[in-house]
Amino acid sequence: MKTYKINEIFYSLQGEGVRAGTANVFIRFSDCNLRCSRNKEGFDCDTEFISGTQMNLDQILSQARSLSATCDWVILTGGEPSLQIDDSLLDALHTAGYKIAIESNGLRELSSKIDWICISPKTAESSLRQKTAHELKYVRALGMKIPNPSIKAEHYLISPAFEVDHLPSENLEHCLNLIRDNPKWRLSVQQHKIWKVR
Ligand code: SF4
């Protein structure tokens, strides 16, 4: 049976974006096709995605259900989940009763079977292969502009960059000003870091 390299599966509240505050089972995939750093992308990656355990579909579903018998949303995240997800995984999650959200950097085209797509680009617009999203979210630190997005989305979000576990006031103030100047965009704060939940 095919296996997927999974960093962790946990149950928590979504802390950011339009679905913030909702309970979800997070399936965090190992590996990423980027290595975001302050010098290149403007901020350092804050996620450990190298380690992982090979798990088959039965093991993934069983662990997800053991965390909550009633939660009906899963979030596929990473690392970069699009490197591993396939129709078998999506179909199995749907059959098990889950709605599926994903958090991706947009470098690979995603399946239309996914119920909620959040794209957070880290690279040039010309490199993005996914062209639509429910929410499009850019992490911005002081001095970073809003790009002219190539992705058509229902919601356009700006997320101030955190420093490890605190939100620098200059990044927040910069994002507030970006939104004041560009009112189509709205603020998304990584509230789970404030709530001290995963
Ligand atoms: S795309 Fe996300 S997970 Fe990958 S290196 Fe960048 S911040 Fe980290």
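Here the structure is a predicted model, which means the values were calculated and not measured. Each ligand, and each atom within it, is numbered from 1 in the order the structure gives.
Ion pairing between a basic and an acidic side chain is recognised when a charged N comes within 4.0 Å of a carboxylate O; Glu8 and Arg28 show such pairing.
Surrounding CD of Glu173 are more than 12 heavy atoms belonging to other residues, nucleotides or ligands, all under 6.0 Å away.
At least one heavy atom of Gly79 sits closer than 4.0 Å to an atom of ligand 1. Taking 4.0 Å as the cut-off, Thr47 does not count as a neighbour of ligand 1 on heavy-atom distance.
Tyr4 and Phe29 have perpendicular rings, their planes meeting at more than 60° on a 0 to 90° scale where under 30° would count as parallel. Ring geometry for His134 against Trp116 counts as parallel: the plane angle stays under 30°, on a 0 to 90° scale with 60° as the upper cut.
In this structure, Asp46 contributes its side chain and Val164 its backbone to no donor-acceptor pair below 3.5 Å.
Of the protein's non-hydrogen atoms, Cys45 SG, 2.3 Å is the one closest to atom 8 (Fe) of ligand 1. When only non-hydrogen protein atoms are considered, atom 4 (Fe) of ligand 1 lies nearest to Cys32 SG, 2.3 Å. Of all protein heavy atoms, the one lying nearest to atom 6 (Fe) of ligand 1 is Cys36 SG, 2.3 Å.
When each atom of ligand 1 is checked for a heavy atom of Asn105 under 4.0 Å away, the hits are 1 (S).
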